[in-house]
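Throughout, a chain's letter reflects where its sequence line sits, starting with A, and its residues are numbered from 1.
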Amino acid sequence: MEMLQYALRKLITGIPLILGVTLISFLLMVYFGPDKTYDLIGKNATPEQIAEIRHQLGYDRPFLTRYLEYLKELVTLDFGYSDSTGERVSSILKRTIPISLALVLPGFVLGNLLGIALALAAAWYRGRWLDKLIMGGSVVGMSVSFLIVIIAFQILLSSNYGLGWFPVRGWNVYDFGDYLRYVTVPTLATVFVALGYNTRFYRAVFVEEMGRDHVRTARAFGTPPAELLFKHVLKNALIPIITRIMFSIPFVVISGALLIESYFGIPGVGLVTYDAITTGDQPVLKAVVGLTAALFVLVLILNDILYKVVDPRVSLK
Amino acid sequence: MSSALLSIRDLVVEFSTERGRVRAIDGVSFDLAPGETLGLVGESGCGKTVTALAVLGLIPSPPGRILSGSIRLEGRELTRLGEREYRHVRGKLISMIFQEPMTALNPVLTIATQMTDVLVRHQGMSRRRARDRAVEMLALVGIPSPEKRIDDYPHQMSGGMRQRVMIAMALSCNPKLLLADEPTTALDVTTQAQVLEEMVRLQERFGTAVILVTHDLGVVAETCRRAVVMYAGRVVEEAPVECLFEQPRHPYTEGLLASIPRIREEKLPELPTIPGSVPDLLHLPPGCRFADRCPRADELCRRREPKLELRCDIAVACHHPNRYAGCRE
């Protein structure tokens, strides 16, 4: 009950945050974003014709009116029709977001879980050869460019020059078997790229935690290794872990999806965003920008709630 | 010597640092009888805590390791125990209380979890039985309404309370030896006395032997029968406490005693101190380690290191000790 109140309070404090973020992004879009006028007018248009077009597009209305309209669109999730395809924006999103999530999620989860596992092993054997091996591997993984990784994996696993087990590009998913075939190579690539960063970060967190007094106390009372690592070290290290995971969610969903989808030709929300940016498709951009802002705020709130769950010292006030 | 509970012989603990290898303790020996309370005294950095950690096999490694020497508990050699065997010693036969009550307990686990974990592990109790026993122990160390407080997290308790919890946890498996590393240093004076009293009372009740690591000679005078004085990684004097206070034989002990602030009839213009500072363990002088600070040092002291010599209950490592005052006889 107390928890629910806390969550609600956090949600309410999130409202001004969403307003602020959307206001700034809308401001940028209106004054610096794409202008449709000159796509629609013919050659040698008179000032009257230009004004006419601007009026049709609604560009001449006051900023506040347009912003409020945008907020209404955000609340109702109705962003009108795409400029380039004429499809309803909401139906585009409904079609592409699940694809992006299905594409990005396995790599994200695996990258973090593997990172935590490797980091625990490295921290436990700190200074020994296993630690050096894991840390060396991390540096190698971090040093290779994402583009090289993708191309290398495509050649090795998907092409006829390599094993040829998986499709190189596309997303013809009708059942779970298809899904596995299409998701494997992108997942491997993301895990490969993220693992080094994750492992190094988590190892630093664990090493610091293992140097704390309470861990020494646990040792002094004969705590066996597994219990020491999971109950004492990991449990206390959860706050930085949660922070990192939560705050990488918006980036993974948008930027991660954008990169992978364009390289693997997968019709997810990242590709849609990319196309919208290049063609100046404002309705789609408005939707993506607004929803990203909302996602950020949501993650922020969820983050605070999770802190409370893992650490009894965090107050509910 | 077979009657000793704990017997440390020529213990050497070495740490590798960036500037070279350092012997944090260098040839420490002493014995402890069952149920006895021994004070381990010295300035910070003299190797008191390292000695205590070595007994529990908790020298952080790397960088530290036990280079040589032996630690025997009831005749059983501890330095050769594997990690798995040592875990059955820690918390069960030997327990330790640490200096910082604010950080020594796990902040995200309740007192109940931390205490019952130890009991379940070492006594094979069911969780329910272990909880009852933990409540009992908390009551013994004077925690009010222990059946409620046991579900608190450490941050909900004061420093004194947490140190009591540590004592309760340390004694819950009825260990033979308790290592108390500056257990009261971080507490305020009134709490210090209470916690110390609680510890001594329980120690007598359970018949636990205690090594009390401290730089506070007042605490030693109140609680210990015998004291070992350490300086720069070596034992310089070992004596029954009353002899130590009445007639310290090593000039370092003498200096330590003189520098205790106390209420005197006349206010001294300045509190007496020992001049100079502890030698750098990387660049030890060839002779006595205390020679540079010692008013009595001469050629011999600078050339040859004195051995610890035992005479009638008192051992001292000095070429020119104070005259033997004939304590006890």
Side-chain angles (χ1 to χ4, degrees), chain A residues 2-3 121-133 135 203 205-243 304-317, chain B residues 16 49 52-53 55-63 83-111 113-115 117-123 151-156 162 165-166 169-170 172-173 175 178-179 181 186:
Chain A
E2 210 181 349
M3 200 68 180
W124 182 256
Y125 292 104
R126 183 154 83 106
R128 316 267 185 83
W129 65 266
L130 186 65
D131 179 27
K132 285 172 186 156
L133 189 77
M135 284 303 97
R203 177 187 175 274
V205 170
F206 294 144
V207 163
E208 186 179 333
E209 200 56 49
M210 282 170 92
R212 290 201 198 284
D213 284 355
H214 70 83
V215 175
R216 188 179 60 178
T217 306
R219 269 188 221 272
F221 282 92
T223 311
E227 202 180 320
L228 195 75
L229 276 179
F230 291 101
K231 203 164 182 175
H232 294 270
V233 176
L234 187 62
K235 202 162 183 209
N236 272 284
L238 278 178
I239 289 229
I241 292 177
I242 287 172
T243 312
D304 280 355
I305 292 171
L306 284 177
Y307 279 180
K308 177 59 205 163
V309 174
V310 299
D311 193 336
R313 286 167 299 180
V314 174
S315 129
L316 283 173
K317 291 289 162 321
Chain B
S16 18
T49 302
L53 287 177
V55 171
L56 261 189
L58 285 179
I59 299 288
S61 164
E83 196 41 43
R84 188 180 292 265
E85 294 165 295
Y86 230 132
R87 282 206 298 277
H88 296 295
V89 173
R90 294 177 191 143
K92 187 179 188 186
L93 300 176
I94 309 175
S95 287
M96 188 155 178
I97 308 173
F98 295 95
Q99 179 171 356
E100 282 297 332
M102 305 314 268
T103 54
L105 290 164
N106 190 329
V108 303
L109 300 178
T110 59
I111 304 298
T113 310
Q114 302 190 46
M115 288 188 74
D117 273 358
V118 175
L119 285 162
V120 169
R121 177 157 61 241
H122 289 315
Q123 308 287 31
D151 289 314
D152 278 0
Y153 288 97
H155 72 277
Q156 291 164 299
R162 288 187 215 184
V165 169
M166 273 304 298
M169 196 161 130
S172 63
C173 294
L178 177 67
L179 306 166
D181 185 7

Item to check | Any donor-acceptor N or O pair under 3.5 Å, side chains Thr223(A), Arg121(B) | outcome: yes
Item to check | Glu208(A): side chain to side chain contact (heavy atoms under 4.5 Å, CB included) partners, not counting sequence neighbours | outcome: Arg212(A)
Checklist entry - Regarding Gln114(B) and His232(A), is there a side-chain donor-to-acceptor distance under 3.5 Å anywhere? => result no
Checklist outcome for this item: The interface call for His122(B) against chain A, heavy-atom contacts under 4.5 Å, is side chain
Item to check | Thr113(B), part contacting chain A, at a heavy-atom distance under 4.5 Å | outcome: side chain
Checklist entry - Quick one: what part of Arg216(A) sits under 4.5 Å from any heavy atom of chain B, side chain, backbone, both or neither? => result both
Checklist entry - Most heavy-atom pairs under 4.5 angstrom with chain A, which of Leu109(B), Leu56(B), Val118(B)? => result Leu109(B)
Next on the checklist: When you compare the side chains of Thr49(B) and Asp181(B), does any donor N or O come within less than 3.5 Å of an acceptor on the partner?
Outcome noted: yes
Item to check | Side chain / backbone / both / neither for Val310(A) at chain B, heavy atoms under 4.5 Å | outcome: backbone
Next on the checklist: Heavy-atom pairs under 4.5 Å with chain A - which of Ile94(B), Ile97(B), Val89(B), Thr103(B) has more of them than the others?
Outcome noted: Thr103(B)
Checklist entry - Contact part of Met169(B) toward chain A, heavy-atom cut-off under 4.5 Å: side chain, backbone, both or neither? => result both
Checklist entry - Looking at residues at least two apart in the chain, or sitting in another chain, which of them share a salt bridge (Lys or Arg N to Asp or Glu O under 4.0 Å) with Lys92(B)? => result none
Checklist entry - Looking at Glu83(B) and Arg90(B), does any basic side-chain N land under 4.0 Å from a carboxylate oxygen? => result yes
Checklist entry - Out of Pro175(B), Ala104(B), Cys173(B), which one racks up the most heavy-atom pairs below 4.5 Å with chain A? => result Ala104(B)
